[in-house]
**Student:** 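So that we are looking at the same thing, I have put the structure below in C-alpha cells.
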Amino acid sequence: MTAGHPDRPSIPTALVRRLVDRQFPQWAGLPLRRVDPAGSDHVIHRLGVDFAVRMPRHADALGQARKDFEWLPRLAPHLPLAVPEPVAVGEPGFGYPWEWAVTRWLDGDTATVHALGDSSGAAVELAGFLTALQRFAPDRAPTPAARADLTGEPLAARDRATRAAITQVADVFDATAMTDLWNAALGAPDWDRPPVWFHGDFHTGNLLSTDGRLSAVIDFGELGIGDPARDLIIAFTLMSAAPRAAFRTALGVDDATWTRGRGWALATGLNAYTAYAADDPRVAAQTTRQITQALAG
C-alpha cells in the first residue's frame with residue numbers, strides 16, 4: 001500500500017483492485033476506474049457498469065458501510081427519489097484498515113445551482129423527499145440514546161469551531177453578520193417534537209440529476225434521528241430566494257427551526273471553507289455561496 005498519513009491512508013486504484021479481486025472474485029473481471037472529483041469522505045471507483053466501490057478516506061467516515069447496509073434497503077421503498085442500493089461490505093486488507101462498500105451504480109450528474117437553483121419545482125420535490133424521510137417509521141424504531149450511530153451532534157457542539165472559523169475568515173465575509181446569525185441559531189428554541197429521521201449531509205454534492213431533473217439522493221453517512229433543522233442546509237447550497245421560500249412553505253418550517261437550519265448552513269459552510277477552499281476552487285465557490293445565502297436568510 002502506498003504510504004500515507006495513518007488517519008488518511010492512500011487509496012490507489014491498484015489497492016482497490018486487489019481488495020475487490022480477493023474478497024469478491026465474482027467481480028474480478030470487471031473494469032475499475034476512479035471517479036473524480038470524489039467527495040471529502042470517500043474515494044469512489046466505478047466497477048464495471050453496475051457497481052460503485054466506496055472507500056472511506058478517514059476515520060470519521062467509518063461505519064457508513066454497515067449503516068447503509070442496514071437502513072437504506074428499509075428506507076428506499078418510502079422515498080420518492082432513488083437512494084444507493086448496498087450490495088456488499090468489504091473487509092480491511094492489504095494495509096487498508098477499514099470496512100468499505102460496494103453499491104449499485106446510480107446514473108446522474110451532481111446537482112448544480114446553474115441547473116436547479118431557480119427551480120421551485122425541484123425545491124418542492126426536495127421538500128417532499130424530506131417529508132417522506134421524516135415520516136419513516138420502521139418497526140422497533142431505535143431511540144437516539146440506544147443507537148449512537150444515529151445520534152447527530154447538536155448545533156451547540158460546533159460553537160467553538162464555528163467562532164474560530166468566523167475569526168479566521170473575517171477578511172472574506174462579514175464577521176458581525178456571521179456572529180449575529182450564529183448567536184441567533186444557538187439561541188433559537190430547540191426541537192420540542194418527537195425526533196425525526198434526517199439525512200444529515202443534505203447539500204448539492206449529495207444530489208444527482210438526470211436530464212435536468214432530480215433523480216437520486218446519495219451519501220447517507222450522517223443519517224440519524226433528531227432535529228430536522230440540519231437538512232435545511234440544502235436551501236442555502238442549492239436554492240435561490242423564490243425556490244427557497246417554496247421549499248420552506250412545502251416543508252412547513254417554523255421560525256425557530258429555520259433559524260437553526262441557517263446556523264447549520266453557516267457552521268458546515270465555514271468548516272468546509274476553512275478546510276478546503278484554499279486548495280479547491282470548486283469548494284471555495286460552493287461554500288462561499290452557502291455562507292452568503294445563509295446570511296441572507
**Student:** Taking the side chain as C-beta and beyond, is there a heavy-atom pair between P154 and W191 under 4.5 Å?
**Tutor:**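 No, every pair of side-chain atoms sits at 4.5 Å or beyond.
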**Student:** For the residue pair A165 and T274, what are the closest heavy atoms and their distance?
**Tutor:**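 Smallest interatomic distance, heavy atoms only, reads CB-CG2, 4.0 Å.
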**Student:** Please find the pair of heavy atoms, one from G93 and one from L19, that lie closest to each other, and give the distance.
**Tutor:**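 Heavy atoms only, the tightest pair is O-CD2, 3.6 Å.
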**Student:** Suppose the criterion is salt bridge (Lys or Arg N to Asp or Glu O under 4.0 Å): which pairs have a residue in residues 256-271, not counting sequence neighbours?
**Tutor:**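 Listed by first then second residue: D227-R260.
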**Student:** Could you grab the distance from atom CD of E125 to atom CG of L207, nearest 0.5 Å is fine?
**Tutor:**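 E125 CD to L207 CG: 10.0 Å, rounded to 0.5 Å.
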**Student:** Tell me every residue that passes salt bridge (Lys or Arg N to Asp or Glu O under 4.0 Å) with D255, counting only those two or more places apart in sequence or in another chain.
**Tutor:**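 Partners of D255 under the salt bridge (Lys or Arg N to Asp or Glu O under 4.0 Å) test: R248.
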**Student:** When clusters are formed from ILVMFWY side-chain contacts under 4.5 Å, directly or step by step, what else is grouped with V124?
**Tutor:**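 Traced through the cluster, V124 reaches no other member.
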**Student:** So which heavy atom on H203 is nearest to which on G205, and how close?
**Tutor:**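 The answer is ND1-N, 3.0 Å.
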**Student:** Can you find a heavy atom in the side chain of R193 that is under 4.5 Å from one in the side chain of T257?
**Tutor:**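 Yes, their side chains come closer than 4.5 Å.
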**Student:** Taking side chain as C-beta onward, heavy atoms only, is Q64 less than 4.5 Å from D219?
**Tutor:**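 Heavy-atom side-chain distance check passes, below 4.5 Å.
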**Student:** What are the two closest heavy atoms between P243 and S120, and how far apart are they?
**Tutor:**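 Looks like CA-OG, 3.7 Å.
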**Student:** Could I get the full list of side-chain contact (heavy atoms from CB on, under 4.5 Å) partners for D180, not counting sequence neighbours?
**Tutor:**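 D180 satisfies side-chain contact (heavy atoms from CB on, under 4.5 Å) with T176 once adjacent residues are dropped.
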**Student:** List for me each residue that meets ring pair (Phe, Tyr, Trp, His ring centres under 6.0 Å) alongside W100, sequence neighbours excluded, and say none if there are none.
**Tutor:**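 For W100, the residues satisfying ring pair (Phe, Tyr, Trp, His ring centres under 6.0 Å) (neighbours in sequence not counted) are F24.
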**Student:** Hey, would you say the W27 and F51 ring centroids sit under 6.0 Å apart?
**Tutor:**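 Ring centres of F51 and W27 closer than 6.0 Å.
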**Student:** Would you say that more than 12 heavy atoms from the other residues, nucleotides or ligands in this model lie under 6.0 Å from the CZ of R213, or not?
**Tutor:**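 Atom CZ in R213 is not packed in, count stays at 12 or less.
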**Student:** Would a 4.5 Å heavy-atom cut-off, applied to side chains only, mark T103 and L72 as touching?
**Tutor:**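 No. Closest side-chain heavy atoms not under 4.5 Å.
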**Student:** How about V20 and H45: do any of their side-chain heavy atoms sit closer than 4.5 Å?
**Tutor:**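 No, too far: nothing below the 4.5 Å cut-off.
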**Student:** My understanding is that only residues two or more places apart in sequence, or in another chain, count here; which of them pass salt bridge (Lys or Arg N to Asp or Glu O under 4.0 Å) with R158?
**Tutor:**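 Residues passing salt bridge (Lys or Arg N to Asp or Glu O under 4.0 Å) with R158: E153.
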**Student:** Return the minimal non-hydrogen interatomic distance between A156 and L186, and the atom names on each side.
**Tutor:**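 That closest heavy-atom pairing would be CA-CD2, 3.7 Å.
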**Student:** I want to check something: taking the side chain as every heavy atom from C-beta on, are D41 and H58 in contact at a cut-off of under 4.5 Å?
**Tutor:**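 Of all side-chain heavy-atom pairs linking H58 with D41, at least one is under 4.5 Å.
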**Student:** Do any side-chain atoms of residues 107-114 form donor-acceptor pairs under 3.5 angstrom with protein atoms, and if so which ones, sequence neighbours left out?
**Tutor:**
unit_1 : atom_1 : unit_2 : atom_2 : d
D107   : OD1    : W105   : NE1    : 3.1
T112   : OG1    : A115   : N      : 3.1

**Student:** What residues, two or more places apart in sequence or in another chain, satisfy salt bridge (Lys or Arg N to Asp or Glu O under 4.0 Å) together with D159?
**Tutor:**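 Applying salt bridge (Lys or Arg N to Asp or Glu O under 4.0 Å) to D159 gives R163.
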**Student:** Using the salt bridge (Lys or Arg N to Asp or Glu O under 4.0 Å) criterion, which residues pair with D280? Sequence neighbours excluded.
**Tutor:**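 Expected list: R282.
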**Student:** For the pair Y273 and F173, name the ring-plane relationship: parallel under 30°, tilted 30 to 60°, perpendicular over 60°.
**Tutor:**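 The rings of Y273 and F173 stand perpendicular, inter-plane angle above 60°.
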**Student:** How long is the gap from OG1 on T210 to CG on L106, to the nearest 0.5 Å?
**Tutor:**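 T210 atom OG1 to L106 atom CG measures 9.0 Å (nearest 0.5 Å).
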**Student:** With sequence neighbours left out, which residue pairs that include part of residues 59-69 fulfil the salt bridge (Lys or Arg N to Asp or Glu O under 4.0 Å) condition?
**Tutor:**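 Every pair satisfying salt bridge (Lys or Arg N to Asp or Glu O under 4.0 Å) with a residue in residues 59-69: R66-E91, R66-E99.
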**Student:** Indicate every side-chain donor-acceptor pair of residues 288-296 with a distance under 3.5 Å to a residue at least two apart or in another chain.
**Tutor:**
unit_1 : atom_1 : unit_2 : atom_2 : d
T288   : OG1    : A284   : O      : 2.7
R289   : NH1    : F236   : O      : 3.3
R289   : NH1    : T237   : O      : 3.4
R289   : NH2    : M239   : O      : 3.3
Q290   : NE2    : A265   : O      : 2.8
Q290   : NE2    : T268   : OG1    : 2.8
T292   : OG1    : T288   : O      : 2.9
T292   : OG1    : R289   : O      : 3.1
Q293   : OE1    : R244   : NH1    : 3.4
Q293   : OE1    : R244   : NH2    : 2.5

**Student:** Do any N or O atoms from the side chain of S215 and from the backbone of L208 form a donor-acceptor pair under 3.5 angstrom?
**Tutor:**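 The answer is yes, because a donor-acceptor pair under 3.5 Å joins these two groups.
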**Student:** Apply side-chain contact (heavy atoms from CB on, under 4.5 Å) to L133 and V217, showing your working.
**Tutor:** CA-CA 11 Å; L133 177 62; V217 178; over 6 Å; no
**Student:** Given side chains that start at C-beta, do those of T287 and Y276 come closer than 4.5 Å, heavy atoms only?
**Tutor:**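 Not touching, per the 4.5 Å side-chain cut-off.
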**Student:** Roughly how far, to the nearest 0.5 Å, is CG of L232 from CZ of F198?
**Tutor:**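 Here the rounded value is 12.0 Å.
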**Student:** In sequence, state the C-alpha distance, the side-chain angles, and the governing distance for Q134 and L130, and then conclude on side-chain contact (heavy atoms from CB on, under 4.5 Å).
**Tutor:** CA-CA 6 Å; Q134 292 168 15; L130 291 180; 4.1 Å; yes
**Student:** H199 vs F202 aromatic rings, parallel, tilted or perpendicular, using cut-offs 30° and 60°?
**Tutor:**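 Correct class here is tilted.
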**Student:** State, to 0.1 Å, how close I234 and L126 come at their nearest heavy-atom pair, and which atoms those are.
**Tutor:**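 Nearest pair, atom of I234 first, then L126: CG1-CD1, 3.9 Å.
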**Student:** List in chain and number order the residues that pass side-chain contact (heavy atoms from CB on, under 4.5 Å) with F69, two or more places apart in sequence or in another chain; answer none if no residue qualifies.
**Tutor:**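 Expected list: P86, V89.
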